[in-house]
Amino acid sequence: MTRIALLGATGSIGRQALEIIAAEPELELVAAASGSQPLDGLAPLTQVGGDLTELLDRAQPDVVLNAVVGFAGLPATLWALEHGVTLALANKESLVAAGELALAAQERGGGLLLPVDSEHSAAYQCLEGRHREQLDSLVLTGSGGPFRGRTREELEDVTPEEALAHPTWSMGPKITVDSASLANKGLELIEAHFLFGLPYERIEVVLQPTSVVHALVRFRDGASLAHLGYPDMRVPIAFALTYPGRAATPVPPLDFTQGLVVEFEAPDLETFPLLALARRAGEDGGTYPCAFNAANEVAVAAFLEGRLPFLAIASTVEETLADVDGAPARGLDELVEADRKARRLAEGAAVA
Ligand SMILES: NC(=O)c1ccc[n+]([C@@H]2O[C@H](COP(=O)([O-])OP(=O)(O)OC[C@H]3O[C@@H](n4cnc5c(N)ncnc54)[C@H](OP(=O)(O)O)[C@@H]3O)[C@@H](O)[C@H]2O)c1
C-alpha cells in the first residue's frame with residue numbers, strides 16, 4: 001500500500017486525485033488538507049488551514065501530493081523533500097519561489113520529486129533514463145489560453161469571467177488566469193529549470209492550441225521525443241501517485257481517426273509579457289523568481305476581485321521586479337521575507 005497525504009484536497013487537482021485514489025486499491029488516503037473548506041472525515045487525519053507540516057508529521061505518508069495553490073504550499077514541499085518522502089508536486093509556485101532551497105532539501109532527504117504539472121510529467125517521461133549529454137533542449141507546450149491571437153487593445157477590458165473560460169483545461173481560478181496571461185508558462189519555465197537542471201536557453205515554450213502534445217525533448221542527433229495524450233490531469237496525477245507502476249486511468253488513448261489537430265505556433269511575447277518577464281526573473285536568479293511569483297499572486301487576486309485590469313497583472317509584476325534587489329535567500333526566513341516584500345510592492349503597484 002502507498003500511504004498518501006493529499007494537500008489541497010478540495011481543489012481541482014485534489015478532487016481528481018481523490019478519484020484516482022478511490023479507483024486504485026494500492027493507494028490509501030491517510031491525510032487530507034484544505035485551506036478553508038471542510039473535509040468531513042475524508043481521511044483518517046484531516047486539517048483545514050494552519051501549518052500543514054503538523055499534519056504531515058502526524059501522518060508520516062509515503063507520498064505527499066501537494067495540490068495547494070500558491071506560495072502557501074511551500075512548507076509542505078520542503079517537508080517532503082527534507083524527509084525523503086516522495087513528493088508529487090502540483091504546487092509549482094513553491095518550486096518557482098524556492099527552487100534552490102527545495103533542491104538542497106531534496107539532496108539532503110534523498111527522496112523522489114515527481115512533477116504533476118502535465119508538461120513536466122510529460123518531460124519527465126521523455127527524459128527518463130536518458131543521459132544528459134544526449135540532450136539538446138526541452139520544449140514545453142501551452143494552449144495559449146482563451147486570449148490567444150488577441151491584440152493588447154482587445155485585452156484592455158477583458159473580465160475575470162472571460163479569463164476563466166479556458167479552451168482545453170478545467171482548473172482552479174488562479175492557474176486559469178495564469179494560463180490566460182501566459183504567466184503559467186513562465187512559472188512552468190522556471191519549474192522546468194529546477195526540475196531538470198537545464199539552463200533557460202535550452203528550454204523553449206511553444207503553443208499547441210489543442211493541448212494534445214504536452215512536452216517534447218530534442219536530442220543532439222536531431223531526434224525529438226514527444227508526449228501526447230488528451231488534456232486530462234488524471235493522467236499525470238496517476239503517473240505520480242503510482243510511479244513507477246503507471247496505473248490505468250479512465251482517460252482513453254488517443255483516437256487518430258477523430259480529427260486530431262496538432263499545430264504549433266510561437267507565443268506572442270509582446271501581447272503576453274509575463275512569459276518573457278518570468279524568463280528574465282529565472283535567468284537573474286536569486287529571489288527574482290520568488291518576487292515574480294509573489295507579485296503575480298497579488299495581481300491575479302486583484303484581477304479576480306475586479307480591482308485590477310487584466311493587462312495590469314503584467315505591469316504590476318514588472319514594476320515589482322524592478323523594485324526588488326533579488327538577493328539570494330540563504331534560508332527559509334530570508335525567502336519568506338523576500339516574498340513578503342514583493343507582495344507589499346505589488347500591492348502598491350496594483351493600486352497606483
Ligand atoms: N488544476 C489543474 O489542472 C492544474 C494543473 C497543473 C498544475 N496545477 C497546480 O496545482 C495547484 C492547485 O491547483 P488547482 O487548480 O487544484 O487549485 P484550486 O482548485 O484553486 O485548489 C486549491 C486548493 O488549495 C487549497 N488551499 C489554498 N490555500 C491553502 C492553504 N493556505 N493551506 C492549505 N490548503 C490551501 C484549497 O483549499 P480550499 O478549497 O479550502 O480553499 C484547495 O483545496 C496550483 O499550484 C496549480 O498551479 C493545477
Side-chain angles (χ1 to χ4, degrees), residues 92 115 117-127 135-156 158 162-171 175-193 196 198-219 222-233 235-236 254-256 258-283 292 296 300 310-311 313-314 317-318:
K92 64 188 87 184
D117 227 341
S118 61
E119 295 77 3
H120 303 73
S121 176
Y124 187 93
Q125 293 171 55
C126 292
L127 285 167
L135 197 65
D136 173 70
S137 53
L138 170 64
V139 182
L140 299 175
T141 58
S143 70
F147 302 145
R148 184 179 60 88
R150 295 210 196 174
T151 62
R152 280 186 75 75
E153 292 67 44
E154 289 168 336
L155 293 178
E156 265 164 20
V158 292
E162 290 171 276
L164 290 173
H166 197 277
T168 52
W169 295 99
S170 167
M171 311 178 284
I175 183 176
T176 307
V177 174
D178 285 348
S179 300
S181 70
L182 292 198
N184 185 46
K185 284 304 131 189
L187 294 170
E188 289 180 4
L189 175 69
I190 300 171
E191 183 187 8
H193 165 78
F196 305 119
L198 286 171
Y200 286 96
E201 67 268 17
R202 290 171 71 185
I203 311 174
E204 190 182 347
V205 172
V206 298
L207 301 187
Q208 197 279 295
T210 57
S211 301
V212 166
V213 180
H214 303 128
L216 300 100
V217 172
R218 297 192 188 101
F219 294 93
S224 296
L225 289 183
H227 180 289
L228 283 75
Y230 291 117
D232 192 314
M233 287 307 294
V235 176
L254 283 181
D255 182 346
F256 293 97
Q258 293 301 310
L260 209 58
V261 177
V262 177
E263 287 174 341
F264 298 91
E265 64 188 55
D268 176 352
L269 300 178
E270 311 261 298
T271 308
F272 301 96
L274 280 156
L275 177 53
L277 285 170
R279 186 178 283 279
R280 202 185 324 142
E283 285 168 350
F292 175 91
N296 183 57
V300 169
F310 181 76
L311 289 177
I313 299 174
V317 173
E318 185 167 20

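Side chains included, hydrogens not; waters and symmetry mates left out as well; all remaining heavy atoms used.
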Heavy-atom closest contact ([X] atom, [Y] atom, distance):
X: A215; Y: T141; answer: N-OG1, 4.0 Å
X: E154; Y: T151; answer: OE1-N, 2.9 Å
X: R202; Y: D136; answer: NE-O, 2.8 Å
X: P146; Y: A165; answer: CB-O, 3.3 Å
X: L277; Y: A314; answer: CD1-O, 3.8 Å
X: V261; Y: Q208; answer: O-NE2, 3.7 Å

### Task
Please assess L164 against V177 for the test side-chain contact (heavy atoms from CB on, under 4.5 Å), listing each intermediate value before the final yes or no.
CA-CA 6 Å; L164 290 173; V177 174; 4.0 Å; yes

Within this structure, what is the [atom1]-[atom2] distance for the pair [X] and [Y], rounded to the nearest 0.5 Å?
X: N184; Y: I175; atom1: CG; atom2: CD1; answer: 4.5 Å
X: E201; Y: S137; atom1: CD; atom2: OG; answer: 10.5 Å
X: L216; Y: F264; atom1: CG; atom2: CZ; answer: 5.5 Å
X: L187; Y: L275; atom1: CG; atom2: CG; answer: 10.0 Å
X: L138; Y: H193; atom1: CG; atom2: NE2; answer: 12.5 Å
X: S211; Y: L228; atom1: OG; atom2: CG; answer: 11.5 Å

A side-chain contact here means heavy atoms from C-beta on lying under 4.5 Å apart; do [X] and [Y] qualify?
X: P209; Y: E265; result: yes
X: F272; Y: L155; result: yes
X: E318; Y: P273; result: no
X: L182; Y: F147; result: no
X: E191; Y: E119; result: no

#### Entry: Check against side-chain contact (heavy atoms from CB on, under 4.5 Å), F196 and L135
CA-CA 11 Å; F196 305 119; L135 197 65; over 6 Å; no

### Message
Would you call the rings of W169 and H214 parallel, tilted or perpendicular, taking 30° and 60° as the class edges?
### Response
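W169 vs H214 ring planes: tilted.
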
### Message
Evaluate Y124 against D117 for side-chain contact (heavy atoms from CB on, under 4.5 Å), listing each step before the verdict.
### Response
CA-CA 10 Å; Y124 187 93; D117 227 341; over 6 Å; no

### Query
Going by an N to O cut-off under 4.0 Å, is there a salt bridge joining E270 and R152?
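Salt bridge: no.
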
### Message
Under 4.0 Å between a side-chain nitrogen and a carboxylate oxygen: does that hold for E283 and R280?
### Response
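The answer is no: the pair does not qualify as a salt bridge.
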
### Task
I would like to know whether H120 and L140 meet side-chain contact (heavy atoms from CB on, under 4.5 Å); could you show each step before the answer?
CA-CA 8 Å; H120 303 73; L140 299 175; 4.3 Å; yes

### Under 3.5 Å donor-acceptor, R279 side chain and L189 backbone
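Such a contact is absent between R279 side chain and L189 backbone.
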
